Amino acid sequence: MTATAVRVPRQRAEPAPAEERGRTDIGEDVVAGIAARAACEVSGVAGLTGGVGPGRSRRRVRVRARITGNGDTATLRLRLAVAYPRSVLEVSRRVRAHTAERVAYMTGMSVRRVDIEVAELVRGGRTE
């Protein structure tokens with residue numbers, strides 16, 4: 001019996017760790033969009049001011065995001081409308097917590113602060 005040589009394909013080396021293969025930058029507009037959508041998910045928010053967010057009036061939505069550090073920390077500023085007669089303080093507290101949680105989850109960034117300006121009270125706004 002003669003042994004036949006079998007050619008084995010070259011084995012791949014283990015891939016380099018993710019941080020050595022490249023980097024992902026998330027723009028401030030993307031972070032602001034995530035924050036706007038998250039704020040709109042909170043009961044008692046009648047709208048934001050400036051134009052970001054699902055089904056919201058352009059005159060009621062404004063969200064700004066600033067990214068600091070090595071792109072790993074976000075500071076958010078939201079201008080929103082609260083449905084009357086909801087508690088402005090309670091709605092703001094829930095928006096702050098939910099927005100920070102969603103931005104952190106979706107981007108991996110830590111959220112240093114969330115500043116909220118309640119620009120108006122809206123009668124008959126979404127209150128569920």
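Here, residue 1 is the first one in the sequence, and each next residue gets the next number. Everything numeric in this text was worked out from a predicted model, so none of it was measured.
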Given side chains that start at C-beta, do those of [X] and [Y] come closer than 4.5 Å, heavy atoms only?
X    : Y    : value
R77  : T75  : no
L80  : I116 : yes
V118 : S92  : yes

Any Lys/Arg nitrogen of E90 or R86 sitting under 4.0 Å from an Asp/Glu carboxylate oxygen of the other? no
Does R66 pair with E28 as a salt bridge, N-O distance under 4.0 Å? no
What's the spacing between [X] [atom1] and [Y] [atom2] if we round to 0.5 Å?
X    : Y    : atom1 : atom2 : value
I26  : M109 : CD1   : CE    : 4.5 Å
I67  : R112 : CD1   : CZ    : 14.0 Å
M106 : E101 : CE    : CD    : 12.0 Å
L76  : D115 : CG    : CG    : 8.5 Å
R94  : L89  : CZ    : CG    : 11.5 Å
L78  : C40  : CG    : SG    : 9.0 Å

Evaluation steps, side-chain contact (heavy atoms from CB on, under 4.5 Å), between V45 and V82: CA-CA 5 Å; V45 172; V82 172; 5.9 Å; no
Give a yes or no on whether R21 atom CZ has more than 12 heavy-atom contacts from other residues, nucleotides or ligands under 6.0 Å away. yes
Output yes when a side-chain donor or acceptor of R102 lies under 3.5 Å from a complementary backbone atom of A38, and no otherwise. no
Checking side-chain contact (heavy atoms from CB on, under 4.5 Å) for the pair L121/V88: CA distance, chi angles, key distance, verdict? CA-CA 9 Å; L121 292 174; V88 171; 3.8 Å; yes
Which atoms form the tightest heavy-atom contact between A100 and V114, and what is the distance? CB-CG2, 4.2 Å
Shortest non-hydrogen contact between A83 and A46, atoms and distance: N-CB, 3.8 Å
